[in-house]
Amino acid sequence: QVQLVESGGGLVQTGGSLRLSCAASGRTLESYSMGWFRQAPGKEREFVAGIYKRTGAPYYANSMKGRFSISKESATNTVYLQLNNLEPDDTAVYYCAADGGAMFSDTASRYEYWGQGTQVTVSS
């Protein structure tokens, strides 16, 4: 099993930036593809970005390409999500998740382990 703890959320103004962290314990992140998802009030959880465990290749939701960036630091077993040029529609709880499957997926139900989430609020 792997335990995930997110941090770095907060309140920012439109155009601002945040860096979210996902610290893993229990197992090395090399065993998992990692994903960031978000869920706004009244909306379904949606894929934001991910890293495929076999290649290290990043994947992004189309609407977030160019503004968000995912990275992984193996030495500290941590995954990061850099959020730039934030907009009010980016307001949501952001979750980190781990998937031990062989292929990369952007589907939330494929991910076995989840953190508790961190709130991001963007004011206009």
Side-chain angles (χ1 to χ4, degrees):
Q1 283 194 350
V2 62
Q3 293 78 42
L4 305 173
V5 178
E6 303 97 332
S7 61
L11 172 64
V12 295
Q13 292 184 333
T14 296
S17 298
L18 285 172
R19 188 192 196 199
L20 307 184
S21 299
C22 173
S25 61
R27 291 193 68 178
T28 172
L29 289 181
E30 303 306 315
S31 301
Y32 300 94
S33 292
M34 300 300 296
W36 283 96
F37 293 79
R38 70 184 186 184
Q39 188 165 19
K43 295 187 177 181
E44 292 188 355
R45 192 166 296 190
E46 64 175 341
F47 173 76
V48 175
I51 289 183
Y52 183 32
K53 66 178 182 179
R54 293 192 174 185
T55 64
Y59 293 85
Y60 299 96
N62 286 336
S63 62
M64 296 155 208
K65 281 182 182 177
R67 295 194 301 127
F68 296 174
S69 177
I70 188 170
S71 61
K72 183 172 69 174
E73 188 174 81
S74 298
T76 59
N77 224 27
T78 302
V79 176
Y80 299 98
L81 184 67
Q82 179 69 40
L83 310 175
N84 295 325
N85 195 21
L86 284 162
E87 305 165 353
D89 283 349
D90 295 318
T91 295
V93 177
Y94 285 70
Y95 297 90
C96 173
D99 173 17
M103 302 301 293
F104 182 80
S105 174
D106 61 4
T107 303
S109 60
R110 286 281 306 274
Y111 286 74
E112 304 138 277
Y113 303 104
W114 291 82
Q116 83 289 348
T118 185
Q119 176 71 47
V120 171
T121 303
V122 185
S123 63
S124 57

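Fair warning: this is a prediction, and the values are worked out from it, not measured in the lab. In this chain, numbering begins with 1 at the start of the sequence shown. These numbers come from the heavy atoms of this one structure, side chains and all, not from hydrogens, waters or symmetry mates.
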Within a strict 4.5 Å, meaning less than it, do heavy atoms of the [X] and [Y] side chains meet?
X    : Y    : result
Q3   : Y113 : no
E112 : D99  : yes
L4   : Y95  : no
Q1   : R27  : no
R45  : W114 : yes

### Message
I'd like to know if the side chain of Q82 pairs up with that of S71 as donor and acceptor (distance under 3.5 Å, no hydrogens or angles considered).
### Response
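Side-chain D/A pair, Q82 to S71: absent.
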Looking at [Y], is its backbone amide N or carbonyl O close enough to the side chain of [X] to form a donor-acceptor pair, meaning the two atoms are under 3.5 Å apart?
X    : Y    : result
T14  : E87  : no
Y60  : I70  : yes
T107 : S109 : no

How close do [X] and [Y] get, counting heavy atoms only, and between which atoms?
X    : Y    : answer
S25  : N77  : N-ND2, 4.4 Å
A49  : L81  : CB-CD1, 4.0 Å
S33  : F104 : CB-CD1, 4.0 Å
N84  : S17  : OD1-OG, 3.1 Å
Q119 : A92  : NE2-O, 3.4 Å

### Steps toward side chain to side chain contact (heavy atoms under 4.5 Å, CB included) verdict (S7, T118)
CA-CA 6 Å; S7 61; T118 185; 5.6 Å; no
Verify the cluster assignment for [X] and [Y]: are they in a single hydrophobic cluster under the rule of side-chain heavy atoms below 4.5 Å apart?
X   : Y    : answer
F47 : M103 : yes
Y59 : Y94  : no
V12 : V48  : yes

#### Entry: Candidate pair R38 and V93, rule side chain to side chain contact (heavy atoms under 4.5 Å, CB included), full reasoning
CA-CA 5 Å; R38 70 184 186 184; V93 177; over 6 Å; no
### Task
Sequence neighbours left out, what pairs pass salt bridge (charged side-chain N to carboxylate O under 4.0 Å, His left out) with at least one residue falling in residues 49-71?
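Output for this query lists R67-D90.
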### Query
Does CD in Q116 sit with more than 12 non-hydrogen atoms of other residues, nucleotides or ligands closer than 6.0 Å?
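Result for CD/Q116: enclosed.
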#### Entry: Pairwise distance NZ(K72) to CG(L29) - rounded to 0.5 angstrom
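Nearest 0.5 Å value for the NZ-CG distance: 6.5 Å.
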### Query
Can you name the side-chain hydrogen bond (donor to acceptor under 3.5 Å, both in side chains) partners of N85, sequence neighbours left out?
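Expected list: none.
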### Query
Would V122 and V120 satisfy side chain to side chain contact (heavy atoms under 4.5 Å, CB included), going step by step from the backbone distance to the final call?
CA-CA 7 Å; V122 185; V120 171; 4.2 Å; yes
#### Entry: Test of ring centre spacing under 6.0 Å for Y111 and F37
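Centroid distance Y111-F37: below 6.0 Å, so yes.
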### Task
Step by step, work out the side chain to side chain contact (heavy atoms under 4.5 Å, CB included) result for Y80 and E73.
CA-CA 8 Å; Y80 299 98; E73 188 174 81; 3.5 Å; yes
### Query
Just one of T121, L18, T91 clears the side chain to side chain contact (heavy atoms under 4.5 Å, CB included) bar with L11, so which one?
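Single side chain to side chain contact (heavy atoms under 4.5 Å, CB included) partner of L11 among T121, L18, T91: T121.
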### Message
Strictly by disulfide (SG to SG under 2.5 Å), give each pair with a member in residues 2-50 just once, sequence neighbours left out.
### Response
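Pairs touching residues 2-50 that pass the test: C22-C96.
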